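Note that the structure is predicted; figures quoted are calculated from it, not measured.
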Amino acid sequence: MARGKTRKPARRKARPAARKKKVEAVPKAYGSVTAHLVIRDCARAIEFYKKAFGAKEVGRMAAPDGKVAHAEVKFGDRIVMMADEDPGRGFPSPEAIGGTTVTLMLYVKDADRAFARAIEAGATALMPLADMFWGDRYGQVKDPFGHRWSIATHKADLTPAQMEQGMKEAMAQMAGGGPPPA
């Protein structure tokens, strides 16, 4: 560099503004409708769901009193939210109200194995597994916390006409006192 000349400071290239990751309006792990269970002894229920259904705990927040204020548990590819009951704030468990009006549907690869695992873990069979007219191998259990679970493996894609015919046959057989046809 010649004397008397000043060197211009090197220009830095401006960094592009950090691109914000687009927030999904409906997170994939939740879907458009997500169950939120209210449970008496939520911590114990989470352990039951791990044992009975192979669920995985994703996260948990404790309330000041140590109860579960919010937890997220993954069943297959979906999250189910849950928390301890708080009847004083309008959040009773099924045990507090003497039952539930909701049944959770759990699709699995092997309904027979999943059903047996749930019973072994402490669930009560409500409807034994059977091949149903709509194409599922299907049964129901009640967990020790009062929640109903349908356990199913989809076995056949049927047309609406086939399902309607199957339903008529099942209803006729049940009206006659027999079990639904397989």
- Message: Check whether Asp86 reaches the backbone of Phe91 with its side chain - one donor and one acceptor, N or O, closer than 3.5 Å.
- Response: no
- Side chain to side chain, Arg60 and Ile46, heavy atoms closer than 4.5 Å: yes
- Item | Any residue meeting ring-ring contact (aromatic ring centres under 6.0 Å, His included) with Phe115, in chain and number order, not counting sequence neighbours | none
- Task: For Arg117 and Lys51, indicate whether the former's side chain and the latter's backbone hold a donor-acceptor pair under 3.5 Å.
- Result: yes
- Message: Using side-chain heavy atoms (C-beta onward) and a distance below 4.5 Å, is His147 in contact with Val80?
- Response: no
- Partner residues of His154 under the ring-ring contact (aromatic ring centres under 6.0 Å, His included) criterion, sequence neighbours left out: none
- Message: Does the plane of the ring in Tyr138 sit parallel, tilted or perpendicular to the ring in Trp134? Use 30° and 60° as the thresholds.
- Response: perpendicular
- Query: Would you say Phe133 and Met105 are hydrophobically clustered, going by side-chain heavy atoms of ILVMFWY under 4.5 Å?
  - Reply: yes
- Check: Thr153 side chain, Arg137 main-chain N or O, donor-acceptor pair, under 3.5 Å: no
- Message: Within the 3.5 Å criterion, strictly below it, is a donor on Glu169 or Gln173 matched to an acceptor on the partner's side chain?
- Response: no
- ILVMFWY cluster, Val38 and Tyr49 together (side-chain gap under 4.5 Å): no
- Message: If I take atom NZ from residue Lys142 and atom CE from residue Met127, how far apart are they, to the nearest 0.5 angstrom?
- Response: 15.0 Å
- Hydrophobic cluster mates of Val68, side-chain heavy atoms under 4.5 angstrom, ILVMFWY only, any path? none
- Taking the six-membered ring for Trp, are His36 and His70 parallel (under 30°), tilted (30 to 60°) or perpendicular (over 60°)? perpendicular
- Message: Could you measure the distance from the CE atom of Met82 to the CD atom of Glu57? Nearest 0.5 Å is fine.
- Response: 9.0 Å
